[in-house]
2 protein chains.
Amino acid sequence: MNETYQQESLFSAIADIQRRKILHLLQAGEMSVSEINQHFDFSGATLSHHLSILKKADLVRVRRQGQHRIYTLNMSAVEQLMLFMNKLFGAKEDEKQ
Amino acid sequence: MNETYQQESLFSAIADIQRRKILHLLQAGEMSVSEINQHFDFSGATLSHHLSILKKADLVRVRRQGQHRIYTLNMSAVEQLMLFMNKLFGAKEDEKQ
DNA sequence: TAGATATTTAGATGGTAATCTAATTATATG
DNA sequence: CATATAATTAGATTACCATCTAAATATCTA
């Protein structure tokens with residue numbers, strides 16, 4: 001079980017509670033940066049930093065819309081993460097493999 | 001979705017690649033500290049440190065056997081973690097909920 | 001009981017990560 | 001075009017974390 005860089009970046013990405021909150025927010029639907037920011041106390045720069053880490057892990061995708069950037073949750077990265085977790089722990093993972 | 005201290009400690013525990021390797025090793029069966037240590041380069045003190053973090057997260061359990069301490073993977077904590085991940089990402093989690 | 005082995009604890013160090021303010025880039029609009 | 005708004009980037013600071021060596025604790029055995 002050698003981990004790829006991609007897997008490592010996934011685990012680092014979800015290690016922070018603020019980033020997990022961001023991911024959970026996006027689960028309900030896409031959001032602009034300022035909309036996301038309404039749910040947090042920290043500065044916009046800090047949010048930008050967290051978003052860049054989530055982007056690098058490919059957990060979120062961005063598109064531009066005027067002045068705004070719209071972030072969406074990338075479910076295929078989420079699925080990849082869950083698959084890897086199942087392998088890691090040797091879980092059954094509903095008999096699919 | 002407010003996280004408990006327990007959940008926070010689970011995510012911190014799996015954030016480190018060495019601890020993920022330990023968990024994966026234990027997935028094959030219980031092991032003493034020195035057996036685990038054969039798979040790593042770092043010092044026994046460092047291993048002990050990692051094991052204590054896994055213990056605090058309740059991902060592993062320990063019992064004494066003479067001079068040895070035998071570590072086992074606690075699958076119910078693993079399951080709890082997977083359930084929480086599913087909630088976090090809004091995944092289907094094989095229709096159980 | 002003395003010494004060997006197994007493991008943990010204490011304390012120190014270097015590196016990384018989260019956060020901040022200020023500056024920069026990009027876009028929209030009067 | 002000038003200014004306002006949205007978001008990122010740069011640079012600094014602080015806190016935390018992985019690791020180390022040395023010391024302590026616990027158990028076994030000669």
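Computed from a predicted model, the values in this text were never measured in an experiment. Below, chains carry the letters A, B, ... as their sequence lines are ordered, and counting in each starts from 1.
- Note on B:L81: it clusters hydrophobically with B:M75, by side-chain heavy-atom contacts below 4.5 Å among ILVMFWY residues.
- Listed candidates were D:dC20, D:dA18, D:dA7. Nearest to the side chain of A:V33 is D:dA7.
- A:H49 places its NE2 atom 18 Å from the P atom of D:dT14, with the value rounded to the nearest Å.
- Residue-to-nucleotide proximity on DNA chain C shows that, of A:S12 and A:G44, the 5′-proximal contact is made by A:S12.
- Closest contact between the side chain of B:Q67 and the listed nucleotides C:dT5, C:dC20, C:dT7 involves C:dT5.
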Can you list the steps and then say if B:F42 with B:H50 is a ring-ring contact (aromatic ring centres under 6.0 Å, His included)? CA-CA 11 Å; B:F42 46 62; B:H50 284 309; 5.6 Å; yes

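- The residue B:S52 sits apart from the nucleic acid: no heavy atom pair falls under 4.0 Å.
- Using cut-offs of 30° and 60° for the angle between ring planes, the A:F11 and A:F84 rings count as perpendicular.
- In this structure, a donor-acceptor pair under 3.5 Å is absent between the side chains of B:S12 and B:S9.
- For A:K55, counting side-chain heavy atoms from C-beta on, the closest listed nucleotide (D:dT8, D:dA18, D:dA22) is D:dT8.
- Closest contact between the side chain of B:S34 and the listed nucleotides C:dA18, D:dA7, C:dT7 involves C:dT7.
- Ranking D:dA22, C:dT19, D:dA18 by closeness to the B:D16 side chain, first place goes to D:dA18.
- Checking C:dT9, D:dT9, C:dC20 against every side-chain atom of A:S48, the shortest atom distance belongs to D:dT9.
- Contacts of A:G66 with the nucleic acid, taken as non-hydrogen atoms under 4.0 Å apart, involve only primed sugar atoms and P, OP1 or OP2.
- Out of D:dA7, C:dT21, C:dA26, the shortest distance to the side chain of A:R64 is found at C:dA26.
- Nucleic acid contact class of A:F40 (heavy atoms, under 4.0 Å, all strands): none.
- Within the 4.0 angstrom heavy-atom criterion, no nucleotide atom of any strand lies near B:L47.
- When each of A:F42 and B:E35 is assigned the nucleotide of DNA chain C bearing its nearest heavy atom, the one mapping closer to the 5' terminus is B:E35.
- D:dA6 atom C1' lies 16 Å from atom CE of A:M31, rounded to whole Å.
- Rounded to a whole Å, the CG atom of B:N37 is 14 Å from the C1' atom of D:dC20.
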